[in-house]
Amino acid sequence: MRCAALPSQANQMLSIQPDAKPKGCAGCSRKIKDRYLLKALDKYWHEDCLKCACCDCRLGEVGSTLYTKANLILCRRDYLRLFGVTGNCAACSKLIPAFEMVMRAKDNVYHLDCFACQLCNQRFCVGDKFFLKNNMILCQTDYEEGLMKEGYAAQVR
């Protein structure tokens with residue numbers, strides 16, 4: 001049997017009708033006697049019982065998204081942390097986990113440690129000027145040296 005992720009399960013908040021028979025909560029198994037209940041994953045929940053299995057954050061916000069995989073109910077952050085990937089780093093080609101902070105240049109994504117001039121390895125900080133030539137990240141010095149040699153046009157980011 002394959003484990004399937006079910007992203008974008010929207011929660012519904014329902015009002016209990018006065019003459020309705022109380023429903024059982026899928027989280028605590030007690031009867032739901034509150035004025036409102038949640039319906040998610042075709043089950044009914046107390047507002048406080050529908051929680052992320054990892055961080056215990058409440059998933060009962062109206063219209064919020066929850067994720068299920070491997071019999072876990074997860075918030076978006078923990079689902080991505082456990083199961084998501086954003087792709088490969090343009091510099092080292094290794095996978096980048098979806099929860100990891102990244103740097104982007106046009107369509108390329110980089111680990112923070114890999115975001116450096118690809119000729120001299122100078123690391124960039126947020127706000128530093130860098131240049132992108134032929135999908136290579138360059139510092140200003142290496143870019144200008146290349147300009148003198150080849151005369152290529154700037155792609156400043």
Side-chain angles (χ1 to χ4, degrees), residues 1-118 121-139 155-157:
M1 184 170 127
R2 289 185 60 169
C3 292
L6 297 175
S8 70
Q9 290 286 323
N11 304 331
Q12 294 177 310
M13 179 158 304
L14 305 173
S15 178
I16 296 180
Q17 301 302 317
D19 56 344
K21 182 178 163 191
K23 301 195 180 311
C25 175
C28 68
S29 301
R30 294 191 317 251
K31 297 281 184 204
I32 302 172
K33 298 177 183 175
D34 304 343
R35 184 173 177 190
Y36 295 100
L37 59 88
L38 293 169
K39 183 176 182 184
L41 305 171
D42 293 324
K43 297 177 183 174
Y44 297 97
W45 308 78
H46 289 107
E47 287 181 79
D48 291 334
C49 291
L50 186 58
K51 297 184 208 173
C52 174
C54 289
C55 70
D56 270 347
C57 74
R58 290 177 51 178
L59 300 172
E61 301 298 317
V62 177
S64 68
T65 301
L66 61 89
Y67 297 77
T68 63
K69 187 166 182 175
N71 291 324
L72 297 171
I73 297 174
L74 302 165
C75 66
R76 182 179 191 278
R77 189 180 123 260
D78 285 324
Y79 174 80
L80 290 174
R81 184 175 60 79
L82 293 171
F83 303 109
V85 291
T86 57
N88 294 337
C89 175
C92 72
S93 300
K94 293 181 183 172
L95 283 177
I96 301 174
F99 63 89
E100 190 172 302
M101 296 291 288
V102 296
M103 294 297 285
R104 295 180 186 274
K106 293 211 174 203
D107 295 330
N108 297 333
V109 182
Y110 302 87
H111 294 107
L112 292 181
D113 290 340
C114 295
F115 194 70
C117 176
Q118 291 176 306
N121 294 319
Q122 174 190 326
R123 301 253 333 256
F124 298 106
C125 297
V126 175
D128 283 353
K129 185 187 275 189
F130 67 91
F131 297 82
L132 190 61
K133 180 189 183 308
N134 299 331
N135 272 338
M136 284 182 57
I137 299 172
L138 301 173
C139 66
Q155 293 183 19
V156 181
R157 292 284 157 227

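Because the structure is a prediction, the values reported are computed rather than measured.
A pairwise comparison of heavy atoms in C54 and L74 identifies SG-CD2, 3.7 Å as the closest pair. Closest heavy-atom contact between Q118 and M136: OE1-CA, 2.9 Å. When all heavy atoms of C55 and C75 are compared, the pair lying nearest together is SG-SG, 3.9 Å.
The environment of D56 atom CG is dense: over 12 non-hydrogen atoms of other residues, nucleotides or ligands sit within 6.0 angstrom.
With rounding to the nearest 0.5 Å, the separation of SG in C25 from CG in D34 is 9.0 Å. Atom-to-atom distance recorded for L66:CG and Y79:OH is 12.0 Å, nearest 0.5 angstrom. Annotation: the span from C57 atom SG to R77 atom CZ amounts to 8.0 Å, rounded to 0.5 Å. Interatomic distance, L50 CG to L38 CG, rounded to the nearest 0.5 Å: 6.0 Å. Put simply, CE on M103 and CD1 on I96 are 12.0 Å apart, with the number rounded to the nearest 0.5 Å. The NZ atom of K43 sits 15.0 Å away from atom NZ of K23, with the distance rounded to the nearest 0.5 Å.
No donor-acceptor pair under 3.5 Å is formed between the side chain of E47 and the backbone N or O of G60. When atom types are taken as modelled, the side chain of W45 and the backbone of K39 share no donor-acceptor pair closer than 3.5 angstrom.
Every residue two or more places apart in sequence or in another chain that forms a side-chain hydrogen bond (donor to acceptor under 3.5 Å, both in side chains) with D48 is listed here: R58. For Q122, the side-chain contact (heavy atoms from CB on, under 4.5 Å) criterion is met by C117, C120, F124, C139, not counting sequence neighbours. When the ring-ring contact (aromatic ring centres under 6.0 Å, His included) test is applied to Y110, the partners found at least two apart in sequence or on another chain are F115. R30 meets the salt bridge (Lys or Arg N to Asp or Glu O under 4.0 Å) test with no other residue; sequence neighbours excluded.
A heavy-atom distance below 4.5 Å is found between the side chains of L41 and I73.
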Review point. What's the verdict on side chain to side chain contact (heavy atoms under 4.5 Å, CB included) for N108 and L132, showing C-alpha distance, side-chain angles and the deciding distance?
Key: CA-CA 10 Å; N108 297 333; L132 190 61; 4.3 Å; yes
Practice item. For L138 and F130, run side chain to side chain contact (heavy atoms under 4.5 Å, CB included): C-alpha distance rounded to whole Å, both residues' side-chain angles, the deciding distance at 0.1 Å, then the answer. Key: CA-CA 6 Å; L138 301 173; F130 67 91; over 6 Å; no
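The salt bridge (charged side-chain N to carboxylate O under 4.0 Å, His left out) pairs that include a residue from residues 108-117 are D113-R123, where partners are two or more places apart or lie in different chains.
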